[in-house]
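These notes are about the structure you will find just below.
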Amino acid sequence: MLMSQLYAPTLRETPAEAELASHRYMLRAGLMRRSAAGIYTFLPLGLRVVRKVEAIIREEMNRIGGQEVLMPIVQPAELWQETGRWNDYGEEMFRLTDRHNRQFCLGPTHEELVTDLVRAEVRSYRQLPLRLYQIQNKYRDEIRPRFGLIRGREFIMKDMYSFDRDEAGLDESYWACYHAYERIFSRCGLDVRPVEADSGAIGGDVTHEFMVLADVGEAVVLYCSACDYAANVERAESGKVAQSEVPPKQLPMEEVATPGKTTIAEVTEFLGAAPQQCIKTMIYLADGEPVAALVRGDHELNEIKFQRVLGCASLELADTATIERVTGAPVGFAGPVGLRIPVVADHAATEVVNAVVGANKADYHIKNVNIGRDFQVTRTADIRVVVAGDPCPKCGAPLTSAYGIEVGQVFKLGTKYSAALKATFLDENGTEQPLIMGCYGIGVGRTVAAVIEQNHDEHGIAWPVAIAPYHVIVVPVTIKDEQQAKTAREIYEALQRADVEVVLDDRDERPGVKFKDADLIGFPIRITVGPKSLRKGMAEITLRKTGERMELPVDQITDYVVKTIKG
RNA sequence: CGGGGCGUAGCGCAGUUUGGCUAGCGCGCCUGCCUUGGGAGCAGGAGGCCGGAGGUUCAAAUCCUCUCGCCCCGACCA
């Protein structure tokens, strides 16, 4: 490809819309352009990268027995109504109506479609396991699209769906995919960490997310430095915190006036108590019924864990009226003493001796409250947000926290969709069974963005060879110099014959411009043909990632390049 | 959805408070000269219904109303 012909409009200045390195460089290097909020056009260079990531994904999916299909973007409402997700998905679903007033959505995912497809054809255990995947655009009307490809409303996603006859089969599918993902991301040049995660609205119980650790990530992950424990903050658990050996003596309860002090910060300051000495009481509505959650004052409640503990379908903070009704006090003075609703306490909250709690009475708190003596809890569970420094639940070593970009997720779905959609098969005994499903997604665009986050410097992108849009750019310092132009052309053609993906920068630009563009776009290898080396019959090779340079005789360039990109 | 900010040339911005005669600057783009190892220089040039609609006025990028779009922060943790 000739640079003069390549549609890669590079920008000297950063477009105002871009915050992250990946977003900035994808625009500046001419990989993509924005069409609407969270919706992008891929330009030739960007598309080449996307296609390469997809190719790697296809290879690894095929390798574990995946078969590619292509399902529609536009999906009928009926299927989604069958599983209940037409309502459950809410505002995030792009919906449309056709001329006959029939309702459709732009698929945010394809569980319904694929299950519908399979239920019609799969009858027997002999047809299992079945692993189908597809790569295509999906749509979610994100509340706030941002960060370029990382949180878009239209995005390219690979999804695989597995259908097995039993749990053991599902387990096999799941781990086959897990390991395929490790290979995929590693081949893309990413440093990825699989973490235990929450399954959220999709359903199912076992799930891992594949996280690219990066400061700009949207998700928080906790991982252990001593063992292999790693989890999304939504799921992360904490080990037992060591208690002091001699528990302090329990003191008598004492009501204290705390006028207008409704937050932990205000109360601790006013009373001169430590936040760890307080127990926060929060009133929630679980499927409409009030329930109280207790966490230590310096801890935060993890709603996702709390909801899992309660096993309820909906969970939200109670409204002011409900709080006043169940506690008898305005917001800010709730406490466990005398509460007549179910109370769930976090483990750490139950260990506070002589705690400060709300008095369920306006402008009062109670000091020296003790569990067992002064109040009872319905149950104790792990319901708080784990933070860095908390002990690892597996080995007790302190956990570290980091931000991550989620590039993939694997789920064990079980029978949630097959049961709802009556996708069944007959086992050896002739008994009808629901298919056991798993689903496995990779955000393709997000993966590209994540690669840039992990592979860039102040000059631009430094692509890993495996997904670089082109491997090599040949830059004659002065195209008007006949000797340089001729040699550059020869090198370019020799590389093409060797199946190297190469661009010749044939533009009549000053060298600085060409070097800057080469660095910005991020070709892994640059071959400079200039007067200095050419006099000696040589050309210069520069490796983008390391900045390493060397001179090589012109006729050895091809061999060197081939070896470098293969190895 | 709440808060904040922004829409003026392909990109980055000034001008808007205090309305005023030809709407500017830098980069990019086109032509020519010159230059060629890290985004050169000179000269000439093209390109804008000032996001859109309505209103006020002798006069609107500027004031008023409505609308559309985009960016950032937040979304209940007593």
Side-chain angles (χ1 to χ4, degrees), chain A residues 9-20 23-24 27-28 30 33-39 90-91 141 143-148 151 258 260-267 275 278-285 292-306 315-320 322-324 326-327 329-336 346 356-360 362-363 365 383-385 458-460 475-481 484-485 505 507-520 526 528-535 539-540 542 547 549 551:
Chain A
T10 57
L11 302 172
R12 289 196 182 188
E13 286 169 286
T14 302
E17 68 191 71
E19 291 263 302
L20 300 196
H23 190 190
R24 256 193 341 258
L27 295 170
R28 281 196 56 204
R33 288 290 183 264
R34 188 176 61 79
S35 300
I39 297 178
E91 299 277 283
D141 193 1
I143 185 166
R144 178 145 88 92
R146 60 186 122 178
F147 306 144
R151 183 162 293 272
T258 51
K261 310 297 181 194
T262 62
T263 66
I264 292 291
E266 288 166 358
V267 170
C278 300
I279 295 175
K280 259 194 297 210
T281 305
M282 286 166 284
I283 311 297
Y284 275 81
L285 287 173
L294 305 184
V295 297
R296 215 170 70 185
D298 57 327
H299 287 157
E300 273 187 48
L301 178 71
N302 181 326
E303 284 188 0
I304 292 165
K305 283 156 74 170
F306 187 37
L315 180 70
E316 54 183 353
L317 269 170
D319 52 283
T320 312
T322 304
I323 292 172
E324 287 177 8
V326 303
T327 69
V331 174
F333 299 96
D346 180 65
V356 174
V357 303
N360 295 330
D363 296 333
H365 279 75
I383 56 169
R384 73 178 172 92
V385 175
E458 68 274 25
H459 302 293
V475 183
V477 167
T478 311
I479 193 76
K480 281 189 174 154
D481 179 291
Q484 285 179 40
D505 197 340
R507 296 176 300 173
D508 181 19
E509 288 285 357
R510 296 172 60 82
V513 173
K514 292 182 277 198
F515 294 152
K516 288 285 185 189
D517 274 345
D519 287 350
L520 179 60
R526 189 181 87 206
T528 313
V529 180
K532 289 187 225 158
S533 328
L534 199 52
R535 250 178 263 129
E540 187 178 301
T542 310
R549 309 169 165 224
E551 284 188 322

Could you list all N or O pairs between the protein and nucleotides 73-75 of chain B that sit under 3.5 Å apart?
{"from": "B/C73", "atom 1": "OP2", "to": "A/Arg144", "atom 2": "NH1", "distance (Å)": "2.9"}
{"from": "B/C73", "atom 1": "OP2", "to": "A/Arg144", "atom 2": "NH2", "distance (Å)": "2.5"}

Each nucleotide N or O in nucleotides 25-28 of chain B that has a protein N or O under 3.5 Å away: list the pair and distance.
{"from": "B/G26", "atom 1": "N2", "to": "A/Glu13", "atom 2": "OE1", "distance (Å)": "2.7"}
{"from": "B/C27", "atom 1": "O3'", "to": "A/Arg12", "atom 2": "NH1", "distance (Å)": "3.4"}
{"from": "B/G28", "atom 1": "OP1", "to": "A/Arg12", "atom 2": "NH1", "distance (Å)": "3.0"}
{"from": "B/G28", "atom 1": "OP1", "to": "A/Arg12", "atom 2": "NH2", "distance (Å)": "3.2"}

Give me, pair by pair, the N or O atoms of the protein and of nucleotides 32-36 of chain B that are less than 3.5 Å apart, along with how far apart they are.
{"from": "B/U35", "atom 1": "O2", "to": "A/Arg510", "atom 2": "NH1", "distance (Å)": "3.0"}
{"from": "B/U36", "atom 1": "O2'", "to": "A/Thr478", "atom 2": "OG1", "distance (Å)": "2.6"}

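Taking the ring pair (Phe, Tyr, Trp, His ring centres under 6.0 Å) definition, one finds that A/His365 meets it with A/Phe333, sequence neighbours left out. Take A/Arg12 and apply the salt bridge (charged side-chain N to carboxylate O under 4.0 Å, His left out) test, not counting sequence neighbours, and it matches no residue. A/Lys305 meets the salt bridge (charged side-chain N to carboxylate O under 4.0 Å, His left out) test with A/Asp382; sequence neighbours excluded. In terms of the side chain to side chain contact (heavy atoms under 4.5 Å, CB included) criterion, A/Ala16 has no residue partners (sequence neighbours excluded). The side chain to side chain contact (heavy atoms under 4.5 Å, CB included) test applied to A/Arg28 returns A/Leu11, A/Thr14, A/Pro15, A/Tyr25, A/Leu520, not counting sequence neighbours. Checked against side-chain hydrogen bond (donor to acceptor under 3.5 Å, both in side chains), A/Glu324 has no partners two or more places apart in sequence or in another chain. Annotation: salt bridge (charged side-chain N to carboxylate O under 4.0 Å, His left out) contacts of A/Asp481 (sequence neighbours excluded): none. By the side chain to side chain contact (heavy atoms under 4.5 Å, CB included) test, A/Glu316 pairs with A/Leu285, sequence neighbours left out.
With hydrogens and angles ignored, no donor-acceptor pair under 3.5 angstrom links the side chain of A/Arg526 to the base of B/G37.
Residues A/Asp363 and A/Lys261 are not paired through a salt bridge, judged by the lack of any N-O separation under 4.0 Å between the basic side chain and the carboxylate. Using a 4.0 Å cut-off between a side-chain N of Lys or Arg and a carboxylate O of Asp or Glu, A/Glu300 and A/Arg384 do not qualify as a salt bridge.
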For this session: Going 5' to 3' through nucleotides 42-47 of chain B, assign each nucleotide B (protein heavy atom under 4.0 Å from a base atom), S (under 4.0 Å only from sugar-phosphate atoms) or - (no protein heavy atom that close).
Result: ------

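The side chain of A/Val513 has B/A40 as its nearest neighbour among B/G38, B/A40, B/G37.
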